[in-house]
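Read the structure below first, then the notes.
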Amino acid sequence: MEKFCIQNPILLSFLLVLLLFISIASTQNDDVDDGRKRVQIRVGLVLDLGSVEGKIVKSSVSMALSDFYAINNDYKTRVSFSVRNSHGEPLLALASAVDLLQTEGVEAIIGGNSLLEAKLLGELGEKARVPVISLNSPMSLSLSKYSYLIQATHDSASEAKGITSFIHGFDWNSVALVYEDHDDWRESMQFLVEHFHENNVRVQSKVGFTVSSSEDFVMDRLRKLKDLRTTVFVVHLSEVIATHIFHCAERLGLMGDGFVWILTAKTMNSFHENIDGFVKEAMEGVVGFKSYIPMSKELQNFTLRWRKSLPAKEVEITWLSISGVWAHDIAWALASAAEVTRMPNVSSTLLEEITKTKFNGLSGDFRLDNKKLLSNKFEIINMIGSSERRVGFWNSNGSFSNRRQLSSTHNKLETIIWPGGSAQSPKGSSLRESDRKKLRVLVTSSNRFPRLMKVETDPVTNELIVEGFCIEVFRASISPFNYEVEYIPWLNGSNYDNLAYALSSQKDKYDAAVGDITITSNRSMYVDFTLPFTEMGLGIVAPKERSMWVFFQPLTPDLWITSAAFFVLTGIIVWLIERAENKEFQGSWPQQIGVVLWFGFSTLVYAHRERLKHNLSRFVVTVWVFAVLILTASYTATLTSMMTVQQIRFNSNEDYVGHLSGSLIANVALTSSSLRAMRSLGLNSSADYAQALLNKTVSFVVDELPYLKVLLGENPTLFLMVKTQSTTNGFGFMFQKGFELVPNVSREISKLRTSEKLNEMEKRWLDKQLPYTTDDTSNPITLYRFRGLFMITGVSFAFALAVLLIVWLRDKWTVLVDSVKLFLSRQIIHFRIHFSRNIHPSPLDDPIGENAVQMAQRNRQ
């Protein structure tokens, strides 16, 4: 054969050309078939390509599609990705997604790895009806409204249960939460905080950091946590901030024996293998929860091939992240769903098919639950040296395991090496009496309002007795924290600006101040205030008035007179209409006058007995009864309000106003525009308030609501609150600037308020009534306000009179015409006689002639 080929070079060349032609034709046919049969499905990929995560996801998706279609080469669809770079900016990500929809016509979008990006892309997906798949965005209730949004992330609720069980397993009862002060991290932290509160794990302190936090700031915050004797820390930070925090913590001795550091899954998932070795050494003994990806041959094979496919310049990418694994499975789900939607007789959408897709992916069993791909199993990692060591698992069924057995406690976990290199479990934060820190509290001791604050010294034991509403609220707010409180009386008067300055300038003596202390901007320059624990604002209290003529006050005199006139007018008009035919409106003149007055005023209570026979009179009465209904309803409402609270009429030239002597807040109120011209009188206690009001030394008292509530509680039947306005910020507790207890105590005050315990304390100490204010009352009703009503009534009456006149003229028309004719004829005759007398005198001018003329006229008639 070889000899034959050599001897026939022409035949050999012919065969080679023939084979080449067949090959080219076959390739072209395949291309034609592919173009005819395969449908291109465009999918948008919006990533931060400058970040490690963005590069990992992009390369993972690309390789996942190559693997999928290598296995499923007979599929008629081909998913291809169009990539856009968001540069980590949510608005740029939204613009990129809009561009993909308009220019590429994508049918799905992968992107939105932050909360804000997920919201923006989710909103866009709703408008365009395009599925949006978000990788590693935090779970949030705010995202549940987007029906086209699919999330691939870890199960924050399961993680919160796991961390709480881990803490309970070691009998720890309080933690400090160190978190990143960013929307994503704060939102994803809520499940953890809520679960801590529900399971009696006290969050002793919450400290937030940002990427821009300076080293001095970090050191100061961690030093304060150390002063609080915090030993258990839960860390919820990104890799950049976490590495900085652990360096500072190591310098402060917080990474030694007795301390516990627990990292959340979001923190662990953000770490990369190429993390600095010095950082790993600083983190030795740290325990972290990490989303669990089961190891498999497929995952190992994919990871090896993925690493080889990376460009040589990508030296910082050394391992496949959790997001990369999820991205691989999402790409497979998209490709599978796209194929199903293009099958004959299939009407389902791409979103519906993605949610139905189930397969065994690199992350395990792929299945969407309520449009979420949740990783609910976590491996517990212990940082040892420069490596990670798995010590167990937290399972979705609520138990720990170390592969060999399950348990609800930590005992079945493998041995954990804690910070400092010890294998013995730290004691953590406890409430041992020896560990209690002393809190030095200044208490106001003026005793002017004992129900609010009363400070006395026991003559026998010489101990300081502190009681009152303010101190009870403080004790309830501070009780969850491990503090021994020492009370120190403030003996320098009622100027609490000086108290704030003393607290600020003498940090070595005092930590806080409690009492009837109003929150002001000036004091806030020196101290930190908690949330207010009283109502905010000023009030005015006056004695209750008891006038025997109060029932005249709802209407002004001109309205009383006008109403009475219309009552009489109604009776007169009805009498005019009914008098001719209705016997009840006839009789002697005194009787008819009585009927007119009785009928008019009886409409006030709808008690008129007379039957009306004329429709016109019925019309008049109907209109007037409607007007009376409005008048009586308005009168009743105004009288009720006035009987409840009497409107105070302030006379700036005569009245005195009482206020708390030495109160800066009251002085500011008395310089306001409405009270500036009034004379003031300083008073010192609630008893002075009551006495001055009762003997009319002052007409009313202006003060903050807590003080006035004491006065009303002691004298509920004598005084009333006539006005309130929110011009002050209420009472609050003062602490040193930056003191860690401020947010904790504020949170406890909020809990007391929402649980109604604060109201119970207020009722117990202040005998709280429900004061009515002048906002609940009405001014007397004026004629001007009801001018429209009387205008309608007057026009109706005029119309009725006009109709009555027309009807009367119609009935008497013949008689009236005859009378007019007779009158005119007589006038003409008299004129003629007068004319003839003056122009042509005749014998008829004598009386006999006149008599003859009159006789002739009579005969003519």
Strictly by modelled atom types, are [X] and [Y] linked by a side-chain donor-acceptor pair under 3.5 Å?
X: S140; Y: E187; value: yes
X: T77; Y: E339; value: yes
X: S213; Y: T210; value: yes
X: Q151; Y: S137; value: yes
X: T264; Y: H236; value: yes
X: S422; Y: D257; value: no
X: S60; Y: W306; value: no

Are [X] and [Y] side-chain neighbours, meaning at least one heavy-atom pair lies under 4.5 Å?
X: V235; Y: Y179; value: no
X: I322; Y: W326; value: yes
X: V391; Y: R389; value: yes
X: L351; Y: I150; value: yes
X: I354; Y: T349; value: no
X: L101; Y: V130; value: yes
X: K76; Y: V39; value: no
X: L254; Y: L222; value: yes

Next on the checklist: Using a strict threshold of under 4.0 Å (side-chain N to carboxylate O), is an ion pair present between R84 and D99?
Outcome noted: yes
Checklist entry - Does a side-chain N-to-carboxylate-O contact under 4.0 Å join E414 and R390? => result no
Next on the checklist: Evaluate S323 against E53 for side-chain hydrogen bond (donor to acceptor under 3.5 Å, both in side chains), listing each step before the verdict.
Outcome noted: CA-CA 7 Å; S323 297; E53 280 297 315; 3.2 Å; yes
Checklist entry - Looking only at heavy atoms, what is the nearest atom pair of P90 and E117, with distance? => result CA-CG, 3.5 Å
Value rounded to 0.5 Å, distance of [atom1] in [X] from [atom2] in [Y]:
X: H154; Y: F378; atom1: NE2; atom2: CZ; value: 5.5 Å
X: N173; Y: N200; atom1: CG; atom2: CG; value: 9.5 Å
X: F366; Y: S363; atom1: CZ; atom2: OG; value: 7.5 Å
X: H244; Y: S238; atom1: NE2; atom2: OG; value: 12.0 Å
X: L143; Y: L115; atom1: CG; atom2: CG; value: 5.5 Å
X: L121; Y: Y146; atom1: CG; atom2: OH; value: 10.0 Å

Item to check | Trace of the salt bridge (Lys or Arg N to Asp or Glu O under 4.0 Å) decision for K290 with E388 | outcome: CA-CA 11 Å; K290 189 175 183 179; E388 298 179 357; 3.5 Å; yes
Item to check | Test side-chain contact (heavy atoms from CB on, under 4.5 Å) applied to N72 - qualifying residues, sequence neighbours left out | outcome: F68, D74, Y75
Mark yes or no for whether [X], through its side chain, and [Y], through its backbone, hold a donor-acceptor pair below 3.5 Å.
X: N199; Y: V201; result: no
X: E126; Y: S147; result: yes
X: N85; Y: L49; result: yes
X: S188; Y: D184; result: yes
X: S51; Y: D48; result: yes
X: N113; Y: L135; result: no
X: T243; Y: E239; result: yes
X: S165; Y: G162; result: no
X: N376; Y: N395; result: no
X: T267; Y: L237; result: yes

Checklist entry - Does the pair D181 and F209 meet the rule for a side chain to side chain contact (heavy atoms under 4.5 Å, CB included), with working shown? => result CA-CA 5 Å; D181 196 6; F209 298 100; over 6 Å; no
Checklist entry - When you look at D369 and K372, which way does the salt bridge (Lys or Arg N to Asp or Glu O under 4.0 Å) test go after all the steps? => result CA-CA 5 Å; D369 184 10; K372 290 182 177 62; over 6 Å; no
Next on the checklist: Strictly by salt bridge (charged side-chain N to carboxylate O under 4.0 Å, His left out), give each pair with a member in residues 60-71 just once, sequence neighbours left out.
Outcome noted: D67-R305
Checklist entry - Aromatic rings W172 and W418: how do their planes relate, parallel, tilted or perpendicular, breaks at 30° and 60°? => result perpendicular
Checklist entry - Can you list the steps and then say if E159 with K377 is a salt bridge (Lys or Arg N to Asp or Glu O under 4.0 Å)? => result CA-CA 8 Å; E159 177 198 16; K377 187 174 182 179; over 6 Å; no
Item to check | Criterion side chain to side chain contact (heavy atoms under 4.5 Å, CB included) on L362 and F302, from CA distance to verdict | outcome: CA-CA 9 Å; L362 296 185; F302 179 82; 3.7 Å; yes
Item to check | Candidates L47, V61, L320 - the one meeting side-chain contact (heavy atoms from CB on, under 4.5 Å) with I56 | outcome: L320
Next on the checklist: Given E107, which partner from the list R342, R42, R129 fulfils the salt bridge (charged side-chain N to carboxylate O under 4.0 Å, His left out) test?
Outcome noted: R342
Please say whether more than 12 non-hydrogen atoms of neighbouring residues, nucleotides or ligands are located less than 6.0 Å from [atom1] in [X].
X: L141; atom1: CG; value: no
X: L252; atom1: CG; value: yes
X: R367; atom1: CZ; value: no
X: K356; atom1: NZ; value: yes
X: Q40; atom1: CD; value: yes

Checklist entry - L116 and L91: side chain to side chain contact (heavy atoms under 4.5 Å, CB included), yes or no, with the steps? => result CA-CA 9 Å; L116 182 54; L91 290 179; over 6 Å; no
Checklist entry - Going through the distances and angles, do W394 and E379 end up as a side chain to side chain contact (heavy atoms under 4.5 Å, CB included)? => result CA-CA 6 Å; W394 170 254; E379 54 181 333; over 6 Å; no
Item to check | Near-ring test F393/F400, centroid separation under 6.0 angstrom | outcome: no
Item to check | Step-by-step ring-ring contact (aromatic ring centres under 6.0 Å, His included) determination, W261 to F233 | outcome: CA-CA 5 Å; W261 291 82; F233 301 86; 4.2 Å; yes
